[in-house]
Amino acid sequence: MTPAIIAFVVLLFIGAPVAVVMAMSGLAGGFAMGGERMLGIIADRMFSGVSGFLLIAVPYFIFTAELMNQGGLTHKLIAFNNALFGRVRGSLSHVNISVSVFFAGLTGAAVTDTVAIGKIMIPEMKKQGYDAEYAAAVTACSSIIGPIIPPSVVMVVYATLLRDISVIDLFAGGIIPGLLMALALLGVSFFLAWKRNYPKQAPTPFKAAIIALLVALPAMVVPLIILGGILSGLTTITEASGFAAVYAIVIGVVFYRNLTWRKIWDSLVTTVRFSGVVFFLLATSAVLGWFVTRSGIARDAASMITTFSDVAFVQLMLVCLLLLVIGTVMDVLPALVVIAPVLVPAMIQLGFDPLHFAILMIVVLNISNVTPPVGMTLMTAARIAEVPYERAIVASLPFYVSFLVVIVLLAAFPALSTWIPSLL
């Protein structure tokens, strides 16, 4: 175990890519346990880590999101949501959040949400008198709903890493937590809009609102295609993701008429790049996961947790605190593939519901997208808003507190994560 820990710490400290860190630490640990004969097993583990049929859905989800982004869907969703909130004080702030909820059913990736919505909403919010750092904060914080409300690339990766939970249960379990996060953000947004006297917009005429709905409706059907097919049992997740990509091309080319062959090609290039990162992480995480299982680290982790407290809620809060700390130095997917093989078996051994802990872990790690110093969505939004990162961090604190409240609720009431899956 010691060679693996040394390799892990040293490589992480010198700034090596996380995938390389996991591969080399697993290799060091395997070699220490069984010498050269373990090298063949490690190669086999890397292959098995990316050979699952479920993983075919990952590039399809990414491709669908890119097609929708390139096809101008964001403008249609913003127009529709603006019709809902236009007359309310701080309307653009609320629209920013509500659009992210709709977009979450399409992208499954936080940074994609930040770029697609931020490039439109942040300049418009600044133009109407909102603080630049506030515009960046609300955009970044609402974007992390994307990987929680299904479909979600993070959930597909989780189901591949820990095969004791189906991705269908994860998708269903993320619906209520994702909506809770949106409500928490809207609560903070309404309060700050009232306190800071942010501007209203003119009410949208009823006819214009209906037109905005009809224009956005074909795009809003995409989540229904994905979730409806999967949760009803009519399609597998892979089939649903593939059909969604085809549907996105059809409405982009035929209905909206602004999806060109060049944009489709750009979407394919982005899909290949991001998928390559995901699959490399999964391959190397399989090596580390195999070593963790063989070495008994998960058992030791469970014992360590029980030394702090025997109360289940306190144990959950301690683990959530650990995840928040990890999120300050690692992005979501690398953190997930590194820590999940250790923590999940330990928590199951302590008697926690696997689905409840899975959803809680995904929610907490996604909050790392706005946690400095990494905070990829907050960094991206700050760049778009042309505001110093430090000011964006301060502006995001009220939203961050609302996320902590949601974490406590999810930890205290497992039914928030397990009720919808239990209906299936």
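One is the number of the first residue; the rest follow in order along the sequence.
Residue pairs meeting the salt bridge (charged side-chain N to carboxylate O under 4.0 Å, His left out) criterion with at least one partner in residues 265-274, sequence neighbours excluded, are R262-D266. Every pair tested for side-chain hydrogen bond (donor to acceptor under 3.5 Å, both in side chains) that includes a residue from residues 209-224 fails, sequence neighbours excluded, so the list is empty.
Qualifying side chain to side chain donor-acceptor pair (under 3.5 Å) partners for T260, counting only residues two or more places apart in sequence or in other chains: none. Annotation: side chain to side chain contact (heavy atoms under 4.5 Å, CB included) contacts of Y400 (sequence neighbours excluded): L324, I367, V370, T371, L404. Contacts of E390 classified as salt bridge (charged side-chain N to carboxylate O under 4.0 Å, His left out), with partners at least two apart in sequence or in another chain: none. S189 is linked by a side chain to side chain donor-acceptor pair (under 3.5 Å) to S93, H94, counting only residues two or more places apart in sequence or in another chain. In this structure I175 satisfies the side chain to side chain contact (heavy atoms under 4.5 Å, CB included) test together with P150, L179, I420, sequence neighbours excluded. Remark: E386 engages K126 in a side chain to side chain contact (heavy atoms under 4.5 Å, CB included) (not counting sequence neighbours). Evaluation of the side chain to side chain contact (heavy atoms under 4.5 Å, CB included) rule for R257 yields no partner, not counting sequence neighbours. Evaluation of the salt bridge (charged side-chain N to carboxylate O under 4.0 Å, His left out) rule for D353 yields no partner, not counting sequence neighbours. By the ring-ring contact (aromatic ring centres under 6.0 Å, His included) test, F255 pairs with no residue at all, sequence neighbours left out. By the ring-ring contact (aromatic ring centres under 6.0 Å, His included) test, F171 is found to be paired with no residue, residues two or more places apart in sequence or in another chain being considered.
Put simply, the side chain of Y60 does not reach to within 4.5 Å of the side chain of V246, judged on heavy atoms. A heavy-atom distance below 4.5 Å is found between the side chains of I117 and S100. T235 is not listed as a side-chain neighbour of F243, based on a closest heavy-atom distance of 4.5 Å or more. Taking 4.5 Å as the limit, some side-chain heavy atom of L355 sits within range of a side-chain heavy atom of P421. With a 4.5 Å cut-off on side-chain heavy atoms, F403 and C141 count as touching. At least one side-chain heavy atom of M347 sits under 4.5 Å from a side-chain heavy atom of L316. Within the 4.5 Å cutoff, no side-chain heavy atoms of M121 are placed close to those of V99. Contact of the V344 side chain with the P354 side chain is not registered, since no non-hydrogen atoms from C-beta on lie closer than 4.5 Å.
Under a 3.5 Å cut-off, the side chain of N366 and the backbone N or O of I362 do form a donor-acceptor pair. No donor-acceptor pair under 3.5 Å is formed between the side chain of S368 and the backbone N or O of V364. A donor-acceptor pair is defined here as one N or O able to donate and one able to accept, closer than 3.5 Å; such a pair exists between the side chain of H356 and the backbone of L410. Not a single donor-acceptor pair under 3.5 Å links the side chain of S275 to the backbone N or O of V272.
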> Do L360 and C320 pass the side-chain contact (heavy atoms from CB on, under 4.5 Å) test, and can you show the C-alpha distance, the side-chain angles, and the key distance before you say yes or no?
Replying inline: CA-CA 8 Å; L360 186 62; C320 287; 3.6 Å; yes
>> Assess the residue pair F313 and V408 against the criterion (side-chain contact (heavy atoms from CB on, under 4.5 Å)); give the C-alpha distance rounded to whole Å, side-chain angles, the decisive distance to 0.1 Å, and a yes or no.
In response: CA-CA 9 Å; F313 179 75; V408 172; 4.0 Å; yes
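The environment of K263 atom NZ is dense: over 12 non-hydrogen atoms of other residues, nucleotides or ligands sit within 6.0 angstrom.
Residue S98 holds its OG atom at 7.0 Å from CG of L186, rounded to the nearest 0.5 Å. Here the CE atom belonging to M155 is positioned 10.5 Å from the CD1 atom belonging to I237, to the nearest 0.5 angstrom.
Shortest non-hydrogen contact noted between A136 and V387 is CB-CG1, 4.3 Å. Closest approach of I359 and G173 over heavy atoms only: CD1-C, 3.7 Å. Across all their heavy atoms, V363 and P177 have their closest contact at CG2-CB, 4.3 Å. Pairing each heavy atom of F63 with each of S267, the nearest pair is CE1-CB, 3.8 Å. When all heavy atoms of L170 and Y158 are compared, the pair lying nearest together is CD1-CD2, 3.9 Å. Considering every non-hydrogen atom in both I148 and I144, the closest pair reads CD1-O, 3.5 Å.
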